[in-house]
S.K.: 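Below you will find the structure I want to go over with you.
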Amino acid sequence: MKRLSIILVLLCSCLFTYAQWHTVKGQVVEYDGTTKHRPLPFVEISVMGAGSVVSDQNGNFELKFRVLKAGNKAKVNRITKKGYVIFNNDEIEEWVIPADPNEKFTVVMCSVDRLNQIRKSFYDAAQRNIRQTIDNQEKTYSK
């Protein structure tokens, strides 16, 4: 019986050692129209294979994967903060877990108001460009 207990303890410790967590660090930042983005706190992040986390005051978060390892593709369930949308969807969809535990993954979010301003400025610029093209064509044909 004692021998069975020792074997069971050794087996459990081997399994525990084998099932180590793979930690991935990241930061959520707010797009502000420049290359210096501000950290965005209190963003909920849920990735398959890791528990849900919330970014801290500096936008930092840490995901702990039990099964996925370096080189595996991470599948994001959701990244949410009220009044914000994800700005770098392409990078998030192609997110691969890094081998370097110190390599940070960056999530860029944008406030809905700022996104609407960006859309409006692009729309206005496109309208001006179209108007200018039409005016130039009218001048060319009226000569």
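What you are looking at is a predicted structure, and each value in this text was computed from that prediction instead of being measured.
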S.K.: Just checking F105 against W95, ring centres under 6.0 Å apart?
M.R.: yes

S.K.: Give me the ring orientation class for Y31 and F87: parallel if the planes are under 30° apart, tilted from 30 to 60°, perpendicular past 60°.
M.R.: parallel

S.K.: Before you tell me yes or no, could you show the steps for R78 and E44 under salt bridge (charged side-chain N to carboxylate O under 4.0 Å, His left out), namely the whole-Å CA-CA distance, both residues' side-chain angles and the distance that decides it to 0.1 Å?
M.R.: CA-CA 8 Å; R78 80 181 163 277; E44 183 189 354; 2.7 Å; yes

S.K.: Calculate, to the nearest 0.5 Å, the distance between atoms SG and NE2 belonging to C110 and H37 respectively.
M.R.: 10.0 Å

S.K.: Could you check if a side-chain atom of V96 sits within less than 4.5 angstrom of a side-chain atom of N72, using non-hydrogen atoms only?
M.R.: no

S.K.: Does any part of the side chain of I79, heavy atoms only, come nearer than 4.5 Å to the side chain of V43, both counted from C-beta?
M.R.: yes

S.K.: For K81 versus M109, what's the shortest heavy-atom pair and its separation?
M.R.: N-CE, 4.2 Å

S.K.: Any donor and acceptor pair, going by atom type alone, linking the side chain of N88 with main-chain N or O of T106 inside 3.5 Å?
M.R.: yes

S.K.: How many angstroms lie between OG1 in T23 and NZ in K25, if you round to the nearest 0.5 Å?
M.R.: 8.0 Å

S.K.: Kindly work out whether a path of hydrophobic side-chain contacts (I/L/V/M/F/W/Y, heavy atoms less than 4.5 Å apart) joins V53 to F65.
M.R.: yes

S.K.: Grab the two heavy atoms, one from P98 and one from A70, that are nearest each other, plus how far apart they are.
M.R.: O-CB, 3.6 Å

S.K.: Flag the pair V29 / R38 as yes when at least one side-chain heavy-atom distance between them is below 4.5 Å, and no otherwise.
M.R.: no

S.K.: Rounded to the nearest 0.5 Å, how far does CZ of R66 lie from NE2 of H22?
M.R.: 14.5 Å

S.K.: Find the distance between CD (E93) and NZ (K75) and round it off to the nearest 0.5 Å.
M.R.: 10.0 Å

S.K.: Hey, does I45 have a side-chain heavy atom less than 4.5 Å from the side chain of V28?
M.R.: yes

S.K.: Spell out, yes or no, whether V76 and V108 are grouped together once hydrophobic residues are joined by side-chain heavy atoms under 4.5 Å, including indirect joins.
M.R.: no

S.K.: Between N116 and D113, is there a donor-acceptor pair closer than 3.5 Å when you use the side chain of the first and the backbone of the second?
M.R.: no

S.K.: Without swapping roles, check the side chain of D56 against the backbone of G59 for a donor-acceptor pair under 3.5 Å.
M.R.: yes

S.K.: Identify the heavy atoms of N60 and K104 that sit nearest to each other, and give their distance.
M.R.: OD1-NZ, 2.8 Å

S.K.: Any side-chain to backbone donor/acceptor pair from S55 onto F42? Under 3.5 Å, distance only.
M.R.: yes

S.K.: Over all heavy atoms of both residues, which pair between E30 and S111 is shortest? Give the atoms and the distance, please.
M.R.: OE2-CB, 4.2 Å

S.K.: Quick one: are I92 and I86 in side-chain contact, heavy atoms under 4.5 Å?
M.R.: yes

S.K.: Measuring from Q127:CD to N129:CG, what's the distance to the nearest 0.5 Å?
M.R.: 10.0 Å

S.K.: With distance as the sole test, does Q27 use its side chain to make a donor-acceptor pair with the main-chain N or O of N58 at under 3.5 Å?
M.R.: yes

